[in-house]
Protein chains: 2
Amino acid sequence: MSDTPWLTADQQHAWRAYLQAQNRLTAALNRQLQTDSGLSLSDYEVLVHLTDAADGRSRPYELQRVLGWEQSRLSHHLARMQKRGLVARNECHDDGRGAYVLITDAGRQAITAAAPRHVDAVRRMFFDHLSTEQVTAIAEVSTKVLTRLDPADPS
Amino acid sequence: MSDTPWLTADQQHAWRAYLQAQNRLTAALNRQLQTDSGLSLSDYEVLVHLTDAADGRSRPYELQRVLGWEQSRLSHHLARMQKRGLVARNECHDDGRGAYVLITDAGRQAITAAAPRHVDAVRRMFFDHLSTEQVTAIAEVSTKVLTRLDPADPS
DNA sequence: TCAACGTACATGACACGTCATTCATTCCAC
DNA sequence: GTGGAATGAATGACGTGTCATGTACGTTGA
């Protein structure tokens, strides 16, 4: 332990607060989305990106890249969303291994209904209490963490 | 949607980066802890607080408060840790409803072995790349979020 | 052309977190 | 004191995330 210095008091405080805020924030947003719209935060993210995509469809590996999820998580999640009728899968003729995920009408309806309240919640629980400098700091720190954790950049 | 304005571009960017960094960071730390020491990040947090506590024991509601977890999460997690021999439960004579959770020798051994590498990982993946101003910003933002989400402060 | 390797995706098993509910005990107003 | 509310904690059911593995297809090079 002597050659691996522990964190400073400031760092410990920041770290614990960060972990707790994470937990609570995502839990609260999940609750809000679930009770208001029957969606989870994960469902919401998937539907957002499918809505943004051309034709409302996307390849799983593309979703994986954009969402930053693990492959099996995405696969399981899509299976569950398909079972609930929020998305559908089509085969991909360009690549026999691949598939297309597409948003269904029910999926579009669900996210359209969910969006206003969800955005409101995100602002209420997060952005409304932060200065623009703090928002910038969050973005910078998060981006830094992401690039450092990116397996394609093991500098 | 017109009366519930969407997030600004900066906010959207910050939000997505924040969510992704969260996911990746905790996933990476969990992997590191798991492969190096057979513990999860949650196990680690519980053991840290039990180690800090007098006699290496604590009431569940106290742990709940310190960790910021939901009651049932803690209860389930303690049950799993107990099954693995990391903690034990005793009855509480002060309060017939309550219980004591105490760290076992195996638990102490596990966290002692895990700590150096884990701390190192936290620094490598997080603090080493942040300025002191950024650490301060993280702490402030997280604390702000926590106080806003605290059910005891519904201002 | 075909063997070896890489890529896209799915799946089973298992750990984890939440919700709803339950239970025992303690606290408190009357 | 006593009945009702509040508190401390456990549990079953269920959705979620990860790991290890499997499978099918594509790509490359000798």
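Each chain gets a letter, A, B and so on, in the order its sequence line appears, and its residues count up from 1. All values below were derived from every heavy atom in this structure, side-chain atoms included, with hydrogens, water molecules and symmetry-related copies excluded. Since this is a predicted model, take the numbers as computed values, not measurements.
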Under 4.0 angstrom between Arg59(B) side-chain N/O and dA9(D) OP1 or OP2: yes
Arg89(A) vs dA10(C): side-chain N/O to OP1/OP2 distance below 4.0 Å: yes
Reference residue Glu62(B); test side chain to side chain donor-acceptor pair (under 3.5 Å); the match among Arg65(B), Arg59(B), Gln64(B): Arg65(B)
Distance-only donor-acceptor test (3.5 Å): side chain Arg97(B), base dT26(C): no
Candidates dT18(C), dA10(D), dG17(D) - which lies nearest the side chain of Ser75(B): dA10(D)
Side chain of Arg31(A) - closest among dG17(C), dT18(C), dC9(C): dT18(C)
Under 3.5 Å side-chain donor-acceptor pair for Glu70(A) and Ser72(A): no
Nearest to side-chain heavy atoms of Pro60(A), which nucleotide of dT18(D), dT16(D), dC9(C): dC9(C)
5′-ward residue of the pair His93(A)/Arg73(A) relative to DNA chain D: Arg73(A)
Among dT18(D), dC9(C), dA10(D), the nucleotide that comes nearest once only the side chain of Gln71(B) is considered: dA10(D)
Minimum-distance pair of heavy atoms, taken over all atoms of Gly85(A) and Thr104(A): O-OG1, 2.6 Å
Atom pair distance, as rounded to whole Å: NZ in Lys83(A) and P in dA10(C): 13 Å
Protein-nucleotide distance (Leu39(A), atom CG; dT16(D), atom C1'), rounded to Å: 15 Å
Pairwise distance CZ(Arg16(B)) to OG(Ser142(A)) - rounded to 0.5 angstrom: 14.0 Å
Check: Ser72(A) side chain, dC19(D) base, donor-acceptor under 3.5 Å: yes
Rounded distance (Å) that lies between atom P of dG17(D) and atom CG of Asn30(B): 13 Å
For atom CD of Gln82(A) and atom C1' of dT11(C), their distance in whole Å: 14 Å
Minimum-distance nucleotide to Arg80(B) side chain [options: dT25(C), dC16(C), dA9(D)]: dC16(C)
Sugar-phosphate only, base, or nothing, as touched by Ala27(A) at under 4.0 Å among non-hydrogen atoms: sugar-phosphate
Length of the line joining His76(A):NE2 and dA20(D):P, which is rounded to integer Å: 13 Å
Arg84(A) and Asp43(A) ion-paired at < 4.0 Å: yes
Residue mapping more 5' on DNA chain C - nearest nucleotide basis, Ser40(B) or Tyr100(A): Tyr100(A)
For atom CG of Asp94(A) and atom C1' of dA8(C), their distance in whole Å: 13 Å
Glu91(B) CD - dA9(D) C1' separation (whole Å): 14 Å
Rounded distance in Å - CG (Leu67(B)) to P (dG17(C)): 11 Å
